[in-house]
2 protein chains.
Amino acid sequence: MAFPTARHDHSACIQAALDAAEQECRRRGARLTDTRRIVLELVWESHRPVGAYALLESLGKLGRSAAPPTVYRALDFLLAHGLIHRVASRNGFIGCPHPGHAHGGQILLCTQCGMAAELDDPALDQEIVNSAARLGFSVNRQTIEVEGLCPVCRAQRNSEEEQNYVA
Amino acid sequence: MAFPTARHDHSACIQAALDAAEQECRRRGARLTDTRRIVLELVWESHRPVGAYALLESLGKLGRSAAPPTVYRALDFLLAHGLIHRVASRNGFIGCPHPGHAHGGQILLCTQCGMAAELDDPALDQEIVNSAARLGFSVNRQTIEVEGLCPVCRAQRNSEEEQNYVA
DNA sequence: GGAGGATACGTTATAACATAACGAAACGAA
DNA sequence: TTCGTTTCGTTATGTTATAACGTATCCTCC
């Protein structure tokens, strides 16, 4: 999934994710309860990794009394069914735009604006499997988190540099 | 770096790491103080990721009074100079076998025995950079953590399966 | 439609990981 | 030796995650 543009229709974006989740849960015979759906929705509020305690606070504002285990249980469920990804390097979580479709988590993180996007490059997965195999290591799960600048922030930085140059 | 075998000379292994660290610090004009060297040594005690609080406890057993900031400061120093890597998915740290030689952290983690090893595949780095570039993303730093089975544990598991088959 | 097992949830407490802030000490160049 | 910089000790606190236990809800089978 590419980086969301500033003017993408985010409510449609959330709706699509919720629909996909609903469908994936039906397919798997998993129960997408109220709490779980709401947590998923909150994860999707931004395209940035969200922490468990931020979710907790959001839940509170929605009038749902909740303690940490409530949130972590919902997150565990969503993780287990591939509806969200954990961002280990940030202690946060982001929504998965295409659940079901198997993929290791390849995540791009913009250090400037905090936006996250998925990469989903099968060749990359394969390269890791091959490279590991050369050491006799058999791969089970991968965590790939790449920091850098997203297209928007990169453009912005470039134009700032131009201004500095002029001045 | 390949996975350490059971009979590798671990004291030589630690010594090599300490020597390399010493040299790298000299090269950089960085001060490898007592605390920092001891923490590095403790990180190298095993080839498994070590948590900050485990290090803290080890320091205590060595008679060095210490509070969390002492350990985290030492870890920050070691990270900053590339002498250790952070293992985000485990909240732990492992020694870097070849400091100086630039490389993103590509880490293999055995889910069975907990051993960690570095991969260091430049083609992999490049694949990530290229793949990200296709989305207009410029890479700055990568975290690659791969879970699976190390050669030893894989062999062990295979022989267990044979036994099950016989029985 | 009620019994009973499985799954999900609320709640309290605590574990595990990490940093802020401040003053004292050690170091190193002028 | 003095002064600025870096390192360290210490106290307190912030942040992230889980253990444990009882209750409620759901689903199935009779």
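We name chains A, B, ... by the order of the sequence lines, and we start the count at 1 in each one. For the numbers below, each heavy atom of this structure counts, side chains included, while hydrogens, waters and symmetry mates do not.
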Legend entry - Presence of donor-acceptor pair under 3.5 Å, side chain of B:Arg73 and base of D:dG9: yes
Inset, instruction - Look at the rings of B:His81 and B:Phe77 and say which category their plane angle falls in: under 30° parallel, 30 to 60° tilted, over 60° perpendicular. - result: tilted
Inset, instruction - Answer yes if A:Leu83 and A:Val71 sit in the same cluster of Ile, Leu, Val, Met, Phe, Trp and Tyr residues linked by side chain heavy atoms under 4.5 Å apart, and no otherwise. - result: yes
Inset, instruction - Mind calculating the distance between CZ (B:Arg36) and P (C:dA26) to the nearest angstrom? - result: 16 Å
Legend entry - Protein-nucleotide distance (B:Leu56, atom CG; D:dG9, atom C1'), rounded to Å: 13 Å
Inset, instruction - Return no unless some side-chain N or O of A:Thr35 is found under 4.0 Å from OP1 or OP2 of C:dC9. - result: yes
Interface polar pairs with nucleotides 13-18 of chain D, N/O, under 3.5 angstrom:
unit_1: D:dA17; atom_1: OP1; unit_2: A:Arg86; atom_2: NH1; d: 3.3
unit_1: D:dA17; atom_1: OP1; unit_2: A:Arg86; atom_2: NH2; d: 2.8
unit_1: D:dA17; atom_1: OP2; unit_2: A:Tyr72; atom_2: OH; d: 2.9
unit_1: D:dA17; atom_1: O5'; unit_2: A:Tyr72; atom_2: OH; d: 3.2
unit_1: D:dA17; atom_1: N7; unit_2: A:Tyr53; atom_2: OH; d: 2.5
unit_1: D:dA17; atom_1: N6; unit_2: A:Tyr53; atom_2: OH; d: 3.1

Legend entry - Flag, side chain of B:Gln142 to backbone of A:Val146, donor-acceptor distance under 3.5 Å: no
Legend entry - Any donor-acceptor pair under 3.5 Å from A:His98 side chain to A:Ala20 backbone: no
Inset, instruction - Provide, to the nearest angstrom, the distance between the CZ atom belonging to A:Phe77 and the P atom belonging to C:dA8. - result: 7 Å
Inset, instruction - Could you tell me whether B:Arg31 contacts a base, only the sugar-phosphate backbone, or nothing, with contacts defined as non-hydrogen atoms closer than 4.0 Å? - result: sugar-phosphate
Inset, instruction - Could you state the atom-to-atom distance from CG of B:Leu55 to C1' of C:dC17 in whole Å? - result: 12 Å
Inset, instruction - Verify whether one side chain among A:Ser11 and A:Asp9 offers a donor that lies under 3.5 Å from an acceptor in the other. - result: yes
Inset, instruction - Of all the heavy-atom pairs spanning A:Gln106 and A:Asp120, show the shortest one and how long it is. - result: OE1-N, 3.0 Å
Legend entry - D:dG9 phosphate, OP1 or OP2, under 4.0 Å from B:Ser65 side-chain N/O: no
Inset, instruction - Could you walk me through whether B:Glu45 and B:Ser58 pass the side chain to side chain contact (heavy atoms under 4.5 Å, CB included) test, one step at a time? - result: CA-CA 10 Å; B:Glu45 283 242 308; B:Ser58 301; 5.7 Å; no
Inset, instruction - Grab the CG-C1' distance between A:Asp34 and C:dA8 for me, whole Å please. - result: 12 Å
Inset, instruction - Please report, rounded to the nearest Å, how far the P atom of D:dT6 is from the CG atom of B:Leu32. - result: 17 Å
Legend entry - D:dG9 OP1/OP2 closer than 4.0 Å to side-chain N/O of B:Thr70: yes
